[in-house]
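As structure tokens, the structure follows; a few thoughts come after it.
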Amino acid sequence: MSQNEHEAMELMGKSTVEREGKYLTFTLHDEEYGIGILKVKEIIGMMPITTVPKTPEYVKGVINLRGKVIPVADLRLKFGMDPMDYTERTCIIVVEISGAGKKIHMGIVVDSVSEVLNIKAGDIEDTPNFGSRFDTDYILGMAKAGGGIKILLDIDEILNIDEIAVLERAA
Amino acid sequence: MNLRQSMLLNNLFSSALILGGGTIGYAGSANLLKNYLSPGAQAALLIGGTLAGVMLCLLGGWFTIRSVSNRFSGILAGLYESTHQISSASVQVAASSQALAEGTSTAASAIEETSASLEELSSMTHKTSDHSTSMTRSGDVTFGLMKSCHKSLRETDSCMKRIGDAGDQAAKVIKTSDEIAFQINLLALNAAVEAARAGEAGAGFAVVAEEVRNLATRSAEAARDTERIIGAMSGHIQEGASLVSKTLEQFYSMGDEGKKTNALIKEINAASGEQAQGIVQINQAIAELDKVTQQAASGAEESASAAEELAAQAQQMSMHLGEVTSLFGTSLDTIDNRAGRPADQGERFPANAPEQLEHIQTANTLRR
């Protein structure tokens, strides 16, 4: 099996079998996004966040979730969007990030949580090429649902585990 | 020397003459002729002397009568002149009395007209006064109504506020139910996540979670609808409250205006009362004036009749004078002459005086 074939197989696997399944959808800046449901640990309403100094701007701080300290990142800030005041619809999705042989929990702040959607493989399209300069690795694909498009995110890519490790230490 | 003295003097003079003649005759016959004359001659001389005395006496009487007659002529002329003056004056008095009577009758009719007008004015003033009184009463009633209306408005205002508060509370309740729906939604999502993690075993649970989520969504929708309705209601309530406030404000200004109007009406009422009183006084004065005019009219009538009487008396007097004149044998012409007035030029007595009097009398009778 050559290198190319392996890459092709990997791509195929990613596009068909792996991407099909249930996604938790949420909104961010009036756009719908989806995260694979197995990545989601829990959904909680907004709760007091303790800010941590000397952290990146997108890291809002840490929360105390039933005795467990979990770092929280604002996805708007991470994506370079305008910040928004938190409302009663604002939620924290606790996700499980895996990488480098370990799994950590992390909260991400989203505008609101929508629903759990079962997305078929046929409804998922590959990310269009915006040019080589733009990194689209964090996007799993584009899901067509109800006339609109939901961007499926690869949360492991978004939140670099090394950065999280630093945060973990800070926490 | 007056007439009485002159007559006395004349009598004395003639008596002296008679006595003198007699005495002289007697003395002559007694002393001088006693010795020289026979008793027959003495008697003749005595008779002659006496006759001479009587003659002298008669002569004196004639002179006396003549002088008295002359004086009487003068007096009669004066009397006649006075009678003439009185007669013409009485005509004048009668004429002016008539004029006065006419004037007073005109005044009386004018007063009557004025009195009638005043009566009308008085009744109108009374009516105005009545109207203004009832206006005052209805103004008071209106004022009372406005007060109670104001109270009701204030109650409405506070009621609107209470409704607004109730709406706010309902909104809070709805918010709570919306939050609960949100929490249920989160729970359902978490349940769905757990079901997915459970794989095939969690499939049934996933369906339940989905249903719960649907319910939560419906509940949230219902809450949102209710919230919208309550919001609209709240808006309407606020609108109503502001309208009530505005009405209250306008009502306040209306109340002020009403107070002013009421005061003005009261002033009008007082003024019309005073007016009525004034008219009553004017009425009294007019009645007094009427009385005085009546008195003046009756006085004028009396003076006219007195003038008539005076004229009649003057005529009578003139007649008597004529008789006296004829007694003395002096004609009225000579009297006129003596009075310094030619008989053919001046009228002895105003020839038309009786006619004038007649005319005045008729006029008076007619007026009565």
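All chains are named by letter (A, B, ...) in the order of the sequence lines, taking the proteins before the strands, and each is independently numbered beginning at 1.
Residue contact with chain A, scored on non-hydrogen atoms closer than 4.5 Å, is absent for B/A209. Interface remark: A/L24 contributes side-chain atoms only to the contact with chain B (heavy atom separation under 4.5 Å).
Pairing each heavy atom of A/V116 with each of B/A192, the nearest pair is CG2-CB, 3.6 Å. Residue B/A196 comes nearest to A/I37 through the heavy atom pair CB-CG2, 3.5 Å, listed as atom of the first residue, atom of the second, then distance.
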Please tabulate, one pair per line, all N/O donor-acceptor pairs under 3.5 Å involving side-chain atoms of residues 157-170 of chain B, not counting sequence neighbours.
unit_1 : atom_1 : unit_2 : atom_2 : d
B/D157 : OD2    : B/K161 : NZ     : 3.3
B/S158 : OG     : B/E155 : O      : 2.9

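Atom CE of A/M47 sits in a crowded spot, with more than 12 heavy atoms from other residues, nucleotides or ligands closer than 6.0 Å.
Separating the CD1 atom in A/I93 from the CG atom in B/L186 is a distance of 9.5 Å, to the nearest 0.5 Å.
For the side chain to side chain donor-acceptor pair (under 3.5 Å) condition, no pair includes a residue of residues 232-244 of chain B, sequence neighbours left out.
Residues of residues 264-291 of chain B never come within less than 4.5 angstrom of chain A, heavy atom to heavy atom.
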Report the donor-acceptor contacts between chain B and chain A below 3.5 Å as a table, one pair per row.
unit_1 : atom_1 : unit_2 : atom_2 : d
B/K175 : NZ     : A/E88  : OE1    : 3.4
B/D178 : OD1    : A/R89  : NH2    : 3.4
B/D178 : OD2    : A/R89  : NH2    : 2.9
B/N190 : OD1    : A/I43  : N      : 2.6
B/N190 : ND2    : A/I43  : O      : 2.7
B/R197 : NE     : A/V40  : O      : 3.1
B/R197 : NH2    : A/L38  : O      : 3.1
B/R197 : NH2    : A/V40  : O      : 2.5
B/R213 : NE     : A/S114 : O      : 3.3
B/R213 : NH2    : A/S114 : O      : 2.6

